[in-house]
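Report on the following structure.
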Amino acid sequence: MILANNEDYGEELVADAHLLPAVALGQKASDALKKYAFSTPNPTAKITFGGTQLGVQPSPVVAAFSSRGPNELTPQILKPDLIAPGVNILAGWTGAVGPTGLDSDPRRVSFNIISGTSMSCPHVSGLAALIKGAHPDWSPAAIKSALMTTAYKTYKNGQTILDIATGRPATPFDYGAGHVDPVAALDPGLVYDASIDDYLSFFCALKYTPAQIKLAARRDFKCDPKKAYRVEDFNYPSFAVPLETASGFGGGSRAPVTVKYSRTVTNVGTAGTYKVSVSSQSPSVKIVVEPQILSFSQLYEKKSYTVTFTSASQPSGTTGFAHLEWSDGKHTVASPIAFSWI
């Protein structure tokens, strides 16, 4: 069998097990093969093993099947969070089924090559356990923050990580904060921590009923009717900013729209002073961070800041991106920013 990629999968080659002798081709080779097959009266093909390829570049790339943003359920929360190894992973395999997982597959193997979230998830889970071992008093939110704010988005040559489906540079809607960096995550400098109460307030901001909150939190909790809950204040390590378009529901408006987000960072390193910098690919959005300097004198000290986004209307479906970084000269605490006009 020849498994030919279409434009949805681009040049991605996934080493799935098959019952037939098979070869997988990227879109470019597939197009050339189809052109040959349909232009020749008696096309022939031969499958040969070309040897193991090492040091394949560029690497990593965003998988074609990887889930993409924006977040349609909660547009103020950027998804995905980050990416991790999840394509063609060699790992132990159950003896209960064959490598294809089909009942008709009689083969039994000790190892298999699998791709998907089922492979990237254990990588990240292992990294979380590694960080927890080094910092046993850190919360799950702090660990997640460390993985996100230290993730990388470029190759060693400075080029942005590619999306294998398109062959073009990926965006935060593809890789979130970036690709996990285990060593850097052990010393992030600052973290965006969140408690159970923060998550309960998040539910309130989403207008969850007490019954819905109990289903998720497994405890009784009622939102305070006197308190103004905002999703924009949830202490997340990234920013997603949905903005109104002039042709939006209800007619929209061409007047500039201003949205303010608030965040709190916790010092998990040595004393130091952090300065903020913002780089943006969206000149139509004005970004103001206040304050622009945060000084920490002790471990676990907390400091808050706000980010105000002001933008005129853009056509519906327009997206844009920016990055916010706090640095003390040693640590770089990076957060992606994604804009979408809806």
Side-chain angles (χ1 to χ4, degrees), residues 71 74-79 81-82 138-151 153 172 176-178 184-185 187-195 197-199 201-202 204-205 227-243 256-311 320-340:
N71 184 342
T74 311
Q76 299 91 337
I77 300 295
L78 177 62
K79 291 294 175 178
D81 290 319
L82 41 72
W138 283 16
S139 69
I143 293 172
K144 181 176 183 177
S145 172
L147 288 168
M148 290 177 62
T149 62
T150 59
K153 300 163 284 294
D187 183 21
L190 305 175
V191 295
Y192 293 84
D193 205 357
S195 65
D197 287 340
D198 291 321
Y199 276 89
S201 295
F202 175 68
C204 293
K227 185 175 181 181
Y229 298 99
R230 295 186 345 122
V231 177
E232 293 86 351
D233 296 334
F234 186 57
N235 205 35
Y236 217 64
S238 58
F239 298 84
V241 186
L243 297 163
V257 175
T258 298
V259 185
K260 180 177 287 188
Y261 285 58
S262 64
R263 294 291 189 268
T264 298
V265 286
T266 303
N267 180 36
V268 292
T270 57
T273 297
Y274 286 78
K275 296 181 180 180
V276 72
S277 63
V278 177
S279 59
S280 178
Q281 302 172 15
S282 302
S284 62
V285 182
K286 181 181 179 182
I287 305 172
V288 178
V289 182
E290 296 179 315
Q292 296 187 348
I293 297 176
L294 299 175
S295 295
F296 300 88
S297 59
Q298 58 187 2
L299 187 65
Y300 299 134
E301 185 178 359
K302 297 179 182 292
K303 291 291 178 71
S304 297
Y305 69 94
T306 63
V307 187
T308 303
F309 305 97
T310 303
S311 173
F321 306 98
H323 281 88
L324 181 152
E325 294 183 354
W326 290 98
S327 178
D328 64 348
K330 176 184 178 183
H331 306 92
T332 298
V333 188
S335 295
I337 303 171
F339 306 106
S340 56

Legend entry - Tyr199: side chain to side chain contact (heavy atoms under 4.5 Å, CB included) partners, not counting sequence neighbours: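 Tyr199 satisfies side chain to side chain contact (heavy atoms under 4.5 Å, CB included) with Ala194, Phe234 once adjacent residues are dropped.
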As an exercise, state the distance from [atom1] of [X] to [atom2] of [Y], rounded to the nearest 0.5 Å.
X      : Y      : atom1 : atom2 : value
Thr306 : Lys260 : OG1   : NZ    : 5.0 Å
Met148 : Asp81  : CE    : CG    : 4.5 Å
Tyr261 : Asn235 : OH    : CG    : 13.5 Å
Leu82  : Thr149 : CG    : OG1   : 10.0 Å
Ser295 : Lys275 : OG    : NZ    : 9.5 Å

Aromatic rings Phe296 and Tyr274: how do their planes relate, parallel, tilted or perpendicular, breaks at 30° and 60°?
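Perpendicular.
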Checklist entry - Under the side chain to side chain donor-acceptor pair (under 3.5 Å) criterion, do Ser139 and Asp193 qualify, and how do the steps go? => result CA-CA 7 Å; Ser139 69; Asp193 205 357; 2.4 Å; yes
Heavy-atom side-chain contact between [X] and [Y] under 4.5 Å:
X      : Y      : value
Lys330 : Asp187 : yes
Val268 : Trp138 : yes
Leu78  : Tyr236 : no
Glu232 : Ser262 : no

Quiz item: Of the non-hydrogen atoms in Ala185 and Pro188, which two are nearest, and what is the gap between them?
Solution: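 Result for this residue pair: O-CD, 3.5 Å.
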Checking the side chain of [X] only, and the main-chain atoms of [Y] only, is there a donor and an acceptor separated by less than 3.5 Å?
X      : Y      : result
Ser280 : Ser282 : yes
Tyr192 : Ser238 : no
Asn71  : Ile77  : yes
Ser311 : Val257 : no
Ser335 : Pro237 : yes
Asn267 : Gln298 : yes

inquiry  = For Ser201 and Asp198, which I'm curious about, is there any donor-acceptor pair between the side chains at under 3.5 Å?
reply    =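 Side-chain D/A pair, Ser201 to Asp198: absent.
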